[in-house]
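Input: a single structure, listed below in structure tokens.
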Amino acid sequence: MSHSELINLTIAEARDKLARREFFARELVEAHIAAMDATRPLNAYVTETAEKAMEAAKRSDDRRDHIREIGGSCASMEGIPIAIKDMFCTEGVPSTACSKILKGFVPAYESTVSANLLRHGSIMLGKVSNDEFAMGSSNTTSAFGAVKNPWKRADDAADLVPGGSSGGSAVAVASRAAMCATGTDTGGSIRQPAAFCGIAGLKPTYGRCSRWGIVAFASSLDQAGPMARTARDCAIMLEAMAGFDPKDSTSVDKPVPNFEAALTGEVKGLKIGVPKEYRAPGMTSEIEALWEQGIAWLKDAGAEIVEVSLPHTKYALPAYYIIAPAEASSNLARYDGLRYGQRVSGANLTEMYENSRGEGFGPEVKRRILMGTYVLSAGYYDAYYRQAQKVRRLVSNDFSEAFQKCDALLTPTTPTPAFAIGENADDPLAMYLNDVLTVTVNLAGLPGMSVPAGLDQKGLPLGLQIVGRAWDEETVLRIGDVIEQQSGFNSLPAGLAKL
Ligand code: GLN
């Protein structure tokens, strides 16, 4: 098969073809390394590990030969080339959270999620970019520079953001420079970039994937998840990533289902809730129309549509921007110039701390540390932090009530399509509005997925979000798969057709 045919396969297709020996893992990996080279101007990768990947591919082919001889079956992602977000610690490979303060940090250990993926046979191509410490919605705050979306508006040449914080992951997958990538999602960082880049991305239930070895942003919200081109590929990847981990006290000891088996193509009899509060201010009419279209698709496929109310939705974003910075300010206290990464010396110990933190953190990270420290300080804790925690409970209760009436919710993922690099840059509040439809799901710890469902008039991809009950990723994936079938979305960015 040609390189172009190989990089356009889904994981499910590649898995089946590898099993039938239509090609070797080393050919699949080689084709993706060529795509990494060709798409380098998009700046998705921050560390490429092509040589290691080729060696791993040879070992994968050997393993497959051996298993064939003894008559066993291969691991679920044997030979599949993947990208890992730079928030994950990878043994012997720089892991920086795309911050200057972690420059030069090479972990001596592997995060549980990436270790699980490797154990299932996948092959790491390299580390991909994110907003510094996963704080952002545009992947413009990475210490490695902005990442570019492979999609462009039909009528202008402006470079668009890929969304964030998992922008590098979304771009690597959309531009065929990886078959899938890990993401982390604290307030929308898997779903929003997936929507902006025309791919699928799933934030699992809090506790489904281990957070061990992932650079912590806001520990009560952070969750790792799969980003891939189809719901089926997300199902395959999630099964390989997930599972109980005694090293993470918030990891939950539940069996990992066969997520792919949940994709029955059927939604007949399912009740889909449509929350009226998700008509966000500033939402484009095309996104509203796509939402209506999504509702119609599911209805046609036999689902029952019910209107539900999530009355505290409008308080979710302000609550998130108190809770997330509060946790971040505590988590980021460990970067003091002594233990990890970059140190900037000073006349005494305090000055060394100040210099290291002052030079190491970028402006958005500093803003979050300041906000977080403020809302946790003695005089303001009750007024802000405690109030935000109460709002969090109310948001979560809203979902519990809605799920008395329905099995899953359907909403848009974002209020707008991808915007140009530089837009919203001087207005943090405008940037924060990107998350208005996604943060609720993190506050409540629920599974949420974005699937690409159509293009706007300028040719940019738009996503629909499916939210499920806790631990019910299966229903979320099943609905996502049906929307994908109905929309017939072709996720190839126009500019990449010639690759
Ligand atoms: N954009 C949101 C933020 O800046 C969410 C980030 C995330 O999910 N990591 O906090």
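Note that ligands are numbered from 1 as they come in the structure, with each ligand's atoms numbered from 1 the same way. Numbering starts at 1 and runs along the sequence shown.
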* Could you please spell out the steps behind the salt bridge (Lys or Arg N to Asp or Glu O under 4.0 Å) verdict for Asp336 and Arg357? => CA-CA 6 Å; Asp336 55 9; Arg357 288 169 69 82; over 6 Å; no
What are the polar N/O contacts of ligand 1 with the protein below 3.5 Å, with distances?
unit_1: ligand 1; atom_1: 1 (N); unit_2: Gly136; atom_2: O; d: 2.9
unit_1: ligand 1; atom_1: 1 (N); unit_2: Ser137; atom_2: OG; d: 2.9
unit_1: ligand 1; atom_1: 1 (N); unit_2: Asp435; atom_2: OD1; d: 3.2
unit_1: ligand 1; atom_1: 1 (N); unit_2: Asp435; atom_2: OD2; d: 2.9
unit_1: ligand 1; atom_1: 4 (O); unit_2: Gly136; atom_2: N; d: 2.8
unit_1: ligand 1; atom_1: 4 (O); unit_2: Tyr321; atom_2: OH; d: 3.3
unit_1: ligand 1; atom_1: 4 (O); unit_2: Arg368; atom_2: NH1; d: 3.4
unit_1: ligand 1; atom_1: 4 (O); unit_2: Arg368; atom_2: NH2; d: 2.7
unit_1: ligand 1; atom_1: 8 (O); unit_2: Thr186; atom_2: N; d: 2.7
unit_1: ligand 1; atom_1: 8 (O); unit_2: Gly187; atom_2: N; d: 2.6
unit_1: ligand 1; atom_1: 8 (O); unit_2: Gly188; atom_2: N; d: 3.2
unit_1: ligand 1; atom_1: 8 (O); unit_2: Ser189; atom_2: N; d: 3.0
unit_1: ligand 1; atom_1: 8 (O); unit_2: Ser189; atom_2: OG; d: 2.7
unit_1: ligand 1; atom_1: 9 (N); unit_2: Ala134; atom_2: O; d: 2.8
unit_1: ligand 1; atom_1: 9 (N); unit_2: Thr186; atom_2: OG1; d: 3.4
unit_1: ligand 1; atom_1: 9 (N); unit_2: Ser189; atom_2: OG; d: 2.7
unit_1: ligand 1; atom_1: 10 (O); unit_2: Tyr320; atom_2: OH; d: 2.6
unit_1: ligand 1; atom_1: 10 (O); unit_2: Arg368; atom_2: NH1; d: 2.9

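- The closest side-chain heavy-atom distance from Met124 to Val93 is below 4.5 Å.
- For Tyr335 and Phe133, the ring centers are positioned less than 6.0 Å apart.
- Test Tyr432, Tyr374, Tyr315 against Tyr321 for ring-ring contact (aromatic ring centres under 6.0 Å, His included) and you get one pass: Tyr432.
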* Begin with the C-alpha distance, continue with both residues' side-chain angles, and end with the deciding distance and a verdict on salt bridge (Lys or Arg N to Asp or Glu O under 4.0 Å) for Lys103 and Glu132. => CA-CA 12 Å; Lys103 197 168 160 199; Glu132 185 180 0; over 6 Å; no
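- Around the NZ atom of Lys314, the shell of radius 6.0 Å holds no more than 12 heavy atoms that belong to other residues, nucleotides or ligands.
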